Amino acid sequence: MSAPAVIVDRLNVSFGTSHVVRDVSFEVAEGESYGIVGESGSGKSTVLRVLAGLNRAWSGALTIFGKAQPKVRDKAFHRAVQMVFQDPYGSLHPKKTLDDALAEPLAIHSIGDAERRIARALSDVGLPSAFRYRYPHQLSGGQRQRVAIARALVLEPTLFLLDEPTSALDVSIQAEVLNLLQALRQERKLTYVLVSHDLAVVGHMCERLMVMQHGQCVEEMSAATLSARKPETAYAQALLVASEGFRRQA
Amino acid sequence: MSDAVTPLLEVGNLKVNFHTPTGIVRAVRGLSFSLGRERLGIVGESGSGKSMTGRAILDLIPYPGEVLADRMLFRGEDLQTMPKAARRKLRGRRISMVMQDPKFSLNPVMTVGDQIAEAYRVHHRANAREARERTLAMLEAVQIREPERVYALYPHEVSGGMGQRVMIAMMLIAEPDILIADEPTSALDVTVQLQVLKILDDLVTSRGMGLIFISHDLHLVQSFCDRVIVMYGGKAMETMPALELADPSAMSRRHPYTLGLLGCLPELSNPKAKLSTLTRDPEWLA
Ligand SMILES: Nc1ncnc2c1ncn2[C@@H]1O[C@H](COP(=O)(O)OP(=O)(O)OP(=O)(O)O)[C@@H](O)[C@H]1O
Ligand SMILES: Nc1ncnc2c1ncn2[C@@H]1O[C@H](COP(=O)(O)OP(=O)(O)OP(=O)(O)O)[C@@H](O)[C@H]1O
Ligand SMILES: [Mg+2]
Ligand SMILES: [Mg+2]
């Protein structure tokens with residue numbers, strides 16, 4: 001068994017007086033896909049941002065690929081670890097074409113062969129090459145999210161942090177993106193941490209998952225436990241019931 | 001015509017075109033529907049024209065887009081011939097839209113609470129204190145914990161799901177006749193999602209609001225809406241009672257595109273190694 005790709009040990013994050021992540025610990029094996037589900041505002045995105053090195057106001061211990069991580073990460077880290085953000089609008093620069101958006105990370109990391117990599121990343125996420133010179137405002141919501149995924153893919157990361165990667169996508173593109181992510185994981189031995197409120201997506205993508213509420217991990221379970229609908233805590237049960245859809249009281 | 005039979009909204013042969021240097025993008029190609037005091041779902045893949053349909057109704061199509069329609073009536077009034085000022089007045093007050101991306105539509109340098117309060121004061125005579133109280137009550141209604149704290153946060157300080165609920169609160173505080181909700185709950189966890197839908201549901205049932213609910217979530221639309229329009233390439237492939245989306249005996253009547261969408265969904269109880277994807281048929285747009 002190789003060492004875990006990610007070890008999070010008693011992670012705490014506060015913004016001023018609000019303590020939004022409380023003693024969260026989990027491990028992700030290399031090549032594993034680990035899910036985080038839970039209440040809106042419970043700290044899921046914050047956990048991912050700490051892993052990605054985008055939040056420096058945390059305490060606890062964080063080990064990624066065997067290295068204890070400082071608050072400020074180096075350039076190699078920022079290439080190996082890529083995050084796809086929840087908010088596809090905010091993460092794209094409004095005045096840059098898709099081509100610019102994809103070329104930029106390659107230039108920052110002095111990676112050659114930009115032409116081929118950009119074309120490949122766009123086709124990987126199912127965007128026609130005619131879109132290369134469009135600006136974000138000329139795309140639909142789902143198209144923008146695919147650009148965000150393509151931008152993370154061009155750097156060929158080993159750890160992929162995915163924050164609601166498909167919540168802005170329709171079901172057909174979602175299926176394509178999820179199949180793509182699965183195939184990449186197998187081909188390139190990638191490790192994923194995936195946040196989603198869609199339990200079926202997490203069940204499909206992940207081997208294990210954590211349920212968060214009020215900044216804490218309330219339960220960790222296997223995908224098998226999830227699909228058998230046998231979680232232990234009342235909150236996880238409530239999520240499963242709610243995922244069955246809307247019920248109108250008569 | 002009496003109020004009971006005049007639909008809230010009638011749209012006939014709506015088209016939205018973008019004239020770009022590389023040619024015309026036909027975002028909506030001849031869509032017709034009417035909306036009563038009901039929950040009307042619009043589903044369809046990314047880029048199928050759902051958001052542009054909503055924006056066209058509100059006259060919010062960005063340059064270089066153009067809107068053409070044979071008919072666009074709000075409670076029998078012609079939206080197309082109405083003076084711009086009158087149309088602007090309808091917007092926000094009588095017809096509101098919760099935009100797909102909450103943070104994009106919020107002012108980044110104003111606290112979310114002040115933005116909701118301002119929306120309230122634009123449409124109602126109220127002093128600052130009343131507006132603040134209404135805002136806090138509204139934040140609580142959309143299930144925001146600690147409304148006092150969240151009132152004072154800037155858009156970049158709220159989580160994805162909180163941002164969506166802030167937008168919903170802002171649109172509902174004006175008590176519109178029609179709410180167009182574009183993916184309003186896509187960033188919410190499933191339990192909060194149902195609580196927010198309950199609020200929208202009550203407004204339809206008790207106040208007779210008309211709701212256009214744009215969503216990718218087929219299960220949700222099926223369980224929440226009365227009717228569903230399935231869009232593809234700017235056109236309606238079919239319109240049906242929402243319940244039929246999950247009715248096995250109705251599947252033989254379904255458009256192949258609708259069946260394709262249903263087939264793409266991952267299912268908890270039926271794990272598959274690979275998800276099916278859609279095969280599109282050019283005939284659908286003929
Ligand atoms: N920059 C910030 N300043 C102040 N509070 C913040 C900031 N960023 C996040 N928070 C708070 O931290 C909490 C957790 O936010 P986070 O974005 O991690 O939630 P989440 O679980 O991802 O929620 P969602 O499912 O709605 O996206 C929220 O209460 C949020 O208001
Ligand atoms: N300014 C623009 N110039 C050119 N094409 C545009 C412009 N704005 C939107 N479009 C195109 O119009 C089509 C319809 O867009 P719309 O935003 O309505 O899609 P949607 O159905 O809401 O998709 P999603 O589910 O991804 O949000 C898309 O193909 C989009 O690329
Ligand atoms: Mg989040
Ligand atoms: Mg849209």
Side-chain angles (χ1 to χ4, degrees), chain A residues 15 18 37-46 86-90 130 133 137-146 163-164 167-176 178-179 182-183 197-201 203-205 214 223 226-227 229 235 238-248, chain B residues 18 20 22 25 43-48 50-51 62 100-101 103-104 144-146 149 156-165 182-183 186-194 197-198 201 216-220 222-224 260-262 264-269 271-278:
Chain A
F15 294 103
S18 39
V37 303
E39 193 176 40
S40 176
S42 64
K44 304 179 298 294
S45 297
T46 304
Q86 182 168 6
D87 170 3
Y89 295 70
Y133 300 101
H137 75 269
Q138 296 172 317
L139 303 175
S140 76
Q143 289 163 344
R144 283 180 228 220
Q145 185 62 312
R146 282 185 274 167
D163 197 356
E164 301 278 7
S167 71
L169 303 181
D170 67 81
V171 294
S172 64
I173 305 297
Q174 166 171 286
E176 283 164 24
L178 295 182
N179 286 342
Q182 291 287 46
H197 61 81
D198 187 328
L199 300 183
V201 166
H204 177 71
M205 292 290 292
H214 313 314
L226 180 72
S227 61
R229 300 179 176 274
Y235 180 64
L239 283 181
L240 270 167
V241 171
S243 72
E244 284 161 16
F246 188 77
R247 274 193 214 130
R248 199 160 279 126
Chain B
F18 287 96
T20 73
T22 49
V25 176
V43 302
E45 67 188 36
S46 174
S48 59
K50 305 180 299 292
S51 299
Q100 189 166 6
D101 191 282
K103 293 194 184 168
F104 197 62
I144 297 263
R145 285 173 194 284
E146 310 172 83
R149 175 178 77 87
H156 73 275
E157 297 174 330
V158 300
S159 78
M162 287 156 82
Q164 275 193 332
R165 282 174 286 166
D182 195 355
E183 299 278 356
S186 63
L188 300 181
D189 73 75
V190 283
T191 54
V192 171
Q193 177 174 64
L194 295 192
L197 290 184
K198 175 84 172 62
D201 200 56
H216 288 130
D217 190 330
L218 298 171
H219 284 314
L220 198 64
Q222 170 257 309
S223 62
F224 178 67
L261 287 179
L262 288 167
C264 295
L265 289 171
E267 287 172 275
L268 258 190
S269 47
K272 321 173 197 164
K274 200 163 182 241
L275 298 171
S276 318
T277 51
L278 259 178

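Keep in mind the model is a prediction, meaning the values are calculated, not measured. To find a chain, count down the sequence lines: A is the first, B the second, and so on, and within it residues start at 1. Side chains included, hydrogens not; waters and symmetry mates left out as well; all remaining heavy atoms used.
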What part of A:Arg247 lies closer than 4.5 angstrom to a heavy atom of chain B: side chain, backbone, both or neither?
->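 When you check distances to chain B, no heavy atom of A:Arg247 falls under 4.5 Å.
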Measuring heavy-atom distances to chain B, does A:Phe15 have an atom under 4.5 Å in its side chain, in its backbone, in both, or in neither?
->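 Neither the backbone nor the side chain of A:Phe15 comes within 4.5 Å of chain B.
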What part of [X] gets within 4.5 angstrom of chain A, counting heavy atoms only: side chain, backbone, both, or neither?
X        : result
B:Ser51  : neither
B:Leu218 : side chain
B:Lys198 : both
B:Ala187 : both

Distance (rounded to the nearest 0.5 Å) between [X] [atom1] and [Y] [atom2]:
X        : Y        : atom1 : atom2 : value
B:Leu278 : A:Glu176 : CG    : CD    : 7.5 Å
A:Leu178 : B:Lys274 : CG    : NZ    : 12.0 Å
A:His197 : B:Thr191 : NE2   : OG1   : 11.5 Å
A:Phe246 : B:Gln222 : CZ    : CD    : 12.5 Å
A:Asp198 : B:His216 : CG    : NE2   : 12.5 Å
A:Leu239 : B:Gln193 : CG    : CD    : 11.0 Å

Determine the option with the most heavy-atom pairs under 4.5 angstrom with chain A, choosing from B:Leu197, B:Val192, B:Val43.
-> B:Leu197
Options B:Ser276, B:Gly161, B:Pro271, ranked by heavy-atom pairs under 4.5 Å with chain A, top entry =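 Maximum pair count with chain A is reached by B:Gly161.
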Nearest heavy atoms of [X] and [Y], plus distance in Å:
X        : Y        : value
A:Val171 : B:Leu261 : CG2-O, 3.4 Å
A:Ser172 : B:Cys264 : CA-SG, 3.7 Å
B:Ser223 : A:Arg248 : O-NH1, 4.4 Å

Looking at A:Lys44, A:His137, A:Glu244, A:His214, which has the largest count of heavy-atom pairs under 4.5 Å with chain B?
->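 Heavy-atom pair counts peak at A:His214.
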Which one of A:Gly203, A:Gly43, A:Ser45, A:Ser18 has the most heavy-atom pairs closer than 4.5 Å to chain B?
->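 Max contact count across the listed options: A:Ser18.
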Using side-chain contact (heavy atoms from CB on, under 4.5 Å) as the criterion, point out the one residue from A:Ser42, A:Ser40, A:Ser243 that pairs with B:Asp189.
-> A:Ser40
Side chain to side chain, A:Tyr133 and B:Thr22, heavy atoms closer than 4.5 Å =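 Contact flag for A:Tyr133/B:Thr22 side chains = no.
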Where do B:Arg145 and A:Glu39 land on the side-chain contact (heavy atoms from CB on, under 4.5 Å) test, with the steps shown first?
-> CA-CA 11 Å; B:Arg145 285 173 194 284; A:Glu39 193 176 40; 2.6 Å; yes
Can A:Ser227 and B:Leu268 be said to form a side-chain contact (heavy atoms from CB on, under 4.5 Å), step by step?
-> CA-CA 5 Å; A:Ser227 61; B:Leu268 258 190; 4.2 Å; yes
